[in-house]
Amino acid sequence: MRWSQLFIPTLREDPAEAEVVSHKLLVRAGYIRQLAAGIYSYLLLAQRSFNKIVRVVREEMDAIGAQEMLLPALHPAELWQESGRWDVMGDDMFRLKDRGDRQLCLGMTHEEVMTAIARGELRSYKQLPQIWYQIQTKFRDEPRPRSGLIRVRQFLMKDSYSFDLDAAGLDIAYQKHYRAYCRIFQRCGLKFVAVEAHSGAMGGSQSHEFMVRADAGEDWVVLCPHCGYAANLEKAVSLPSPPLAEDPEGELTPEPFPTPGVRTIAEVAEFTGLPETSQIKSLVMVAEGAPVLVLLRGDHQLSETKLSEALGGRPIRPAHPDEMREWLGADAGSLGPVGVADMTILADLALRGRRNMICGANRDGYHLRHVTPEEDFQAAWHDLRQVAPGDRCTRCGGPLDMGRAIEVGHIFKLGYKYSASMGLRVTGPKGEEITPIMGSYGIGIERILCAAVELYADEDGMALPVSIAPFEVIVTPVNNSDPEQMAAARSLYDKARAAGLDALLDDRDERPGVKFKDADLIGVPYRITVGKKLAGGRVEIYERRSRQSHEVELDRAVTVLAETIREAYRNLQPRD
RNA sequence: CGGGGCGUGGCUCAGCCUGGUUAGAGCGCCUGGUUCGGGACCAGGAGGUCGGUGGUUCAAAUCCACUCGCCCCGACCA
């Protein structure tokens, strides 16, 4: 393609509304334009990049025997009412009515549609297993779209669904996806990590998220550099850092002391001169109307995911101030477990074995000292805290690392949730009815590009992996008014195309600086520069990522470049 | 949904607090010329009902009210 004919609206300055790197660069480089909050148009460059990503995804999905389909984006309400998710999804679902006043929605995901197809057509155990997938636009009315393409209201997703006779079959489908996902992200040039993820309360038994470390990410991951442990912060477990002060010895009994105006953990620490680790933090939560008192070490944060799991998956919320007062007789800031009788009390494991700590007295303006768990109050022990900086790995004891990450893929054992609720059954070998077990597996197409941009951005733009860049090579004549340079550039471009390379010819009547800057900005991984050295029969091959260039003879340029690019693809090839 | 910020040529912004000629700059765009190895220079030119509605005023980009849109933090995210 010839740049002079293309629509690649690059911008010299960062767009005002963009905050994260990938958003700024994708807009500046002319990949995307915003239409509304969380809704973007994908221009030529984005579309080319997505096509390449999709191709990789498709090849790897096909390789595990998955079958591609394309399902409707517009769904009847009845379908979602059957699975129960019509109500569960709430405002996240785009809903509309047709002319006959029938309720419809735009698909957020396709478990329902896939299951509906399966139950109509799958009759015998002999037809299983099946893996079906599609690459489809999904709609979610996000409460807050943000960060460019990272969280949007309309996006491309590869979603696949597996149907198996039993859990062992599901394991196989899950493992196939796990390996396919690793291959996909590797081929797309991402540095990623597969983390254990929260699998939800409903039927899910195993789940992994594929994460790319990036500050622009919205998730937190916990990693152990030593043993490879990796988990989403929601689910991650750790050994707590030791308390900063030793507990007082002795069989002491709880003793109230006045703490006027002292409410927060930090204030209590300051007031008593003892660190936050010497305190018991008491939180009042509500699980389906029932109060729950949650106890943590003062410096720890509650993981609501873990708490909900500990309560059997019930939804939870923080108690309102008037509820706390009603149940415990004091305001937040003076609450504690001592003397609490008719309330579920859950305590985090980091408090186990501690002695003579400080907590609220359930009397405004007072705290208790010398409070010992299991002596002065009883609680059910659970892992309830979020991993904190300084925590150690439960497997190897090494220090854990935490960081933000972009979720590019998620694989998930669904279990029987949809097959059971929607009546999917096949006949087994003995004539019995079998409800197939399902899995669900997603990949965010746009997020792969975002993650790559975040990973490989520099001052001048993006330096995309060759496999997902919109072009593999750009041929840049330095001086348009030099007929020899132009002729050589055209010839190189033609040869590159003939050699099967995805080439772009920058034939614009621009100064060289403009062409170089634009090429760097849009992230084409290789450039052939045709300039002065053409007189000596030489041109330059420039590598975007390393910013290195070297001279080659004109006639060998395409051969050398083709080999360089082949090598680049080899380096992205999974070795397994 | 709570908190904060921003809407002025295509883009990035100034002007607004303290109302008052034809509303500015840089970039981009168009014409002509000179240039040509990292976002050139000279000359000329086009392009804006200042997000919208209502109000205050002799007079509103500027003050007030409402409203729409966008961004950020938080809440939320099978």
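Below, read A as the first sequence line, B as the second, and so on, with proteins coming before strands; counting in each chain starts at 1. Below, all heavy atoms of this structure are taken into account, side chains as well, without hydrogens, waters or symmetry copies. These numbers come from a predicted model, not from an experiment.
Contact annotation for Ala18(A): no contact, since no heavy-atom pair falls under 4.0 Å across all strands. Across all strands, Tyr418(A) comes closer than 4.0 Å to no nucleic acid atom at all (heavy-atom distances). As judged by a 4.0 angstrom heavy-atom cut-off over every strand, Thr476(A) is placed among residues making no nucleic acid contact. Within 4.0 Å (heavy atoms only), Arg527(A) reaches at least one base atom of the nucleic acid. Residue Arg85(A) is in base contact, counting any heavy-atom pair closer than 4.0 Å across all strands shown. Across all strands shown, Arg33(A) has no heavy atoms under 4.0 Å from either base or sugar-phosphate atoms. Heavy atoms of Pro15(A) sit under 4.0 angstrom from primed sugar atoms or phosphate atoms, though from no base atom.
Comparing the C1' positions of G9(B) and A61(B) gives an interatomic distance of 14 Å, to the nearest angstrom. Nucleotides C30(B) and G19(B), compared at atom P, are 42 Å apart to the nearest Å. Taking atom C1' on both nucleotides, A23(B) is separated from A59(B) by 16 Å, rounded to a whole Å. Comparing U21(B) with A60(B), their P atoms sit 12 Å apart, to the nearest whole Å. For A65(B) and G4(B), the P atoms lie 15 Å apart once the distance is rounded to whole Å. If you take atom C1' in G5(B) and the same atom in U49(B), they sit 26 Å apart, rounded to whole Å. With both ends at atom P, the span from C27(B) to A43(B) equals 12 Å, rounded to whole Å. Going from the C1' atom of G7(B) to that of U62(B) covers 15 Å, rounded to whole Å.
At a non-hydrogen distance threshold of 4.0 Å, Arg511(A), Pro512(A), Gly513(A), Val514(A), Phe516(A), Lys517(A), Asp518(A) from residues 507-518 of chain A come into contact with RNA chain B.
Rounded to an integer number of Å, the gap from CE of Met157(A) to C1' of A78(B) is 10 Å. Atom CG in Leu521(A) sits roughly 13 Å away from atom C1' in G38(B) (whole-Å rounding). Atom CE in Met93(A) sits roughly 12 Å away from atom C1' in A78(B) (whole-Å rounding). Taking atom CG of residue Leu35(A) and atom C1' of nucleotide G69(B), one finds them 12 Å apart after rounding to whole Å. The distance between atom CZ of Arg153(A) and atom P of C76(B), rounded to the nearest whole Å, is 20 Å. Nucleotide G38(B) holds its P atom 18 Å from the CG atom of Asp458(A), rounded to whole Å. The distance between atom CZ of Arg404(A) and atom P of C73(B), rounded to the nearest whole Å, is 8 Å. A78(B) atom P lies 18 Å from atom NE2 of His110(A), rounded to whole Å.
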Between Asp518(A) and Thr10(A), does the side chain to side chain donor-acceptor pair (under 3.5 Å) criterion hold? Intermediate values first, please.
CA-CA 7 Å; Asp518(A) 271 345; Thr10(A) 59; 3.1 Å; yes
Report the C-alpha separation of Val524(A) and Arg544(A) in whole Å, then their side-chain angles, then the decisive distance to 0.1 Å, and conclude whether the side-chain contact (heavy atoms from CB on, under 4.5 Å) test is met.
CA-CA 7 Å; Val524(A) 183; Arg544(A) 173 67 181 84; over 6 Å; no
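When all heavy atoms of Ile131(A) and Ala173(A) are compared, the pair lying nearest together is CD1-CB, 4.4 Å. Closest heavy-atom contact between Met422(A) and Ser83(A): SD-CB, 4.1 Å.
With hydrogens and angles ignored, a donor-acceptor pair closer than 3.5 Å exists between the side chain of Glu13(A) and the base of G26(B). In this model, a side-chain donor or acceptor of Arg151(A) finds a partner on the base of C77(B) within 3.5 Å.
Considering only side-chain atoms of Glu17(A), the nucleotide from C72(B), G37(B), C70(B) that sits closest is C70(B). Comparing atom distances between the Arg144(A) side chain and each of C70(B), C27(B), C72(B) picks out C72(B) as nearest. Here G38(B) is the nucleotide among G38(B), G26(B), C71(B) with the atom lying nearest to any side-chain atom of Asp520(A). Checked against G39(B), C11(B), G37(B), the side chain of Val478(A) finds its nearest nucleotide in G37(B). The listed nucleotides are U12(B), G37(B), G38(B); the one nearest the side chain of Glu540(A) is G37(B).
Side-chain contact check for Arg547(A) versus Asp458(A): some heavy-atom pair is nearer than 4.5 Å.
In this structure, Gln34(A) reaches the C71(B) phosphate: one of its side-chain N or O atoms is under 4.0 Å from OP1 or OP2. Between C11(B) and Arg12(A), no contact under 4.0 Å exists linking OP1 or OP2 to a side-chain N or O.
Pair assignment for A65(B): U53(B), on the basis of Watson-Crick or G-U wobble contacts that are both within less than 3.5 Å. Figure legend. U34(B) is base-paired to A40(B); pairs are counted as Watson-Crick or G-U wobble with both atom distances under 3.5 Å. In this structure, A46(B) makes no Watson-Crick or G-U wobble pair, since no nucleotide meets both defining distances under 3.5 angstrom. Across the strands present, A25(B) finds its partner in U12(B); the criterion is a Watson-Crick or G-U wobble pair with both atom distances under 3.5 angstrom. In this structure G74(B) sits in a base pair with C1(B), meeting the Watson-Crick or G-U test at under 3.5 Å.
Between Ser160(A) and Lys158(A), the side chains place a donor N or O and an acceptor N or O closer than 3.5 Å (distance only, hydrogens not considered). Donor-acceptor pairing under 3.5 Å is lacking for the side chains of Ser49(A) and Tyr31(A). For Arg2(A) and Tyr493(A), the side-chain atoms include no donor-acceptor pair closer than 3.5 Å.
For the salt bridge (charged side-chain N to carboxylate O under 4.0 Å, His left out) test, residues two or more places apart in sequence or in another chain that qualify with Asp331(A) are Arg325(A).
Because its NZ or CZ atom is not both nearer than 6.0 Å to the ring centre of Trp80(A) and within 45° of the ring axis, Arg95(A) does not count as a cation-pi partner of that residue.
Residue Gln485(A) is the one, among Ser440(A) and Gln485(A), whose nearest nucleotide of RNA chain B lies closer to the 5' end (criterion: closest heavy atom). With the nearest nucleotide of RNA chain B identified for both Ala37(A) and Thr109(A), Ala37(A) has the one nearer the 5' end.
Between His110(A) and Tyr161(A), the distance separating the two ring centers is not shorter than 6.0 angstrom.
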